[in-house]
Amino acid sequence: EAALEILTAWLAATPGDIAVLSQKSDLLADMEGFAEALESAELAFNAFTEQFKLAKHPPAGLLRRIRTLEEKVTPP
């Protein structure tokens with residue numbers, strides 16, 4: 001939980017930090033906070049699309065993470 005506090009504090013100062021948002025998503029998923037992990041991954045994706053408007057492809061790893069978390073949050 002200390003790591004989560006550090007990441008959250010960092011994001012309070014730099015909310016668009018894609019790497020930290022992704023790390024927070026990974027940490028929350030490891031703690032089985034899947035809904036919160038999904039939210040953080042989506043924020044990372046949104047930050048990417050905002051910061052890299054000319055990118056032709058979104059980050060594949062982040063998209064896979066979002067799909068995996070969506071399955072955990074809303075099982076079939």
Side-chain angles (χ1 to χ4, degrees):
E1 290 192 22
L4 183 58
E5 290 177 19
I6 291 167
L7 295 174
T8 301
W10 182 271
L11 289 168
T14 54
D17 190 320
I18 299 164
V20 176
L21 286 164
S22 294
Q23 288 177 340
K24 184 176 179 182
S25 176
D26 291 343
L27 180 60
L28 287 165
D30 289 344
M31 297 169 66
E32 297 187 7
F34 300 119
E36 296 87 354
L38 176 58
E39 180 182 343
S40 188
E42 289 173 337
L43 288 171
F45 180 79
N46 292 341
F48 176 86
T49 58
E50 181 64 30
Q51 293 172 34
F52 298 98
K53 294 180 184 189
L54 299 178
K56 299 200 185 269
H57 302 284
L62 188 53
L63 288 176
R64 280 192 302 274
R65 169 56 103 181
I66 289 171
R67 284 189 206 111
T68 299
L69 290 167
E70 285 174 341
E71 291 173 4
K72 292 182 184 279
V73 171
T74 55

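The figures here come from the full heavy-atom set of this structure, side chains too, leaving out hydrogens, waters and symmetry mates. These figures come from a predicted structure and were not determined experimentally. The first residue in the sequence is number 1, and the count goes up from there.
In plain terms, the two heavy atoms of Leu69 and Ala29 that are nearest each other are CD2-CB, 4.0 Å.
A donor-acceptor contact shorter than 3.5 Å is absent between the side chain of Glu50 and the backbone of Gly16. The closest donor-acceptor contact from the side chain of Ser25 to the backbone of Leu21 lies at 3.5 Å or more, if one exists at all. Put simply, the side chain of Ser40 never gets that close to the backbone of Ala37: no donor and acceptor are under 3.5 Å apart.
Note that CG of Asp17 and NZ of Lys24 are 12.0 Å apart. Values are rounded to the nearest 0.5 Å. Atom CD of Glu39 is separated from atom CG of Leu28 by 9.0 Å, given to the nearest 0.5 angstrom. The distance from the CZ atom of Phe34 to the OG1 atom of Thr74 is 12.5 Å, given to the nearest 0.5 Å. Atoms NZ and CG, from Lys72 and Leu38 in turn, are 12.0 Å apart once rounded to the nearest 0.5 Å. Rounded to the nearest 0.5 Å, atoms CD (Glu71) and CD1 (Ile66) are 12.5 Å apart.
In the displayed structure, Glu42 atom CD is contacted under 6.0 Å by more than 12 heavy atoms of other residues, nucleotides or ligands.
Clustering of Ile, Leu, Val, Met, Phe, Trp and Tyr by side-chain heavy atoms under 4.5 Å joins Phe52 with Ile18, Phe48.
Every side chain to side chain contact (heavy atoms under 4.5 Å, CB included) that Pro58 has, sequence neighbours left out, goes to Phe45, Leu63.
The shortest side-chain heavy-atom distance between Leu27 and Leu7 falls under the 4.5 Å cut-off.
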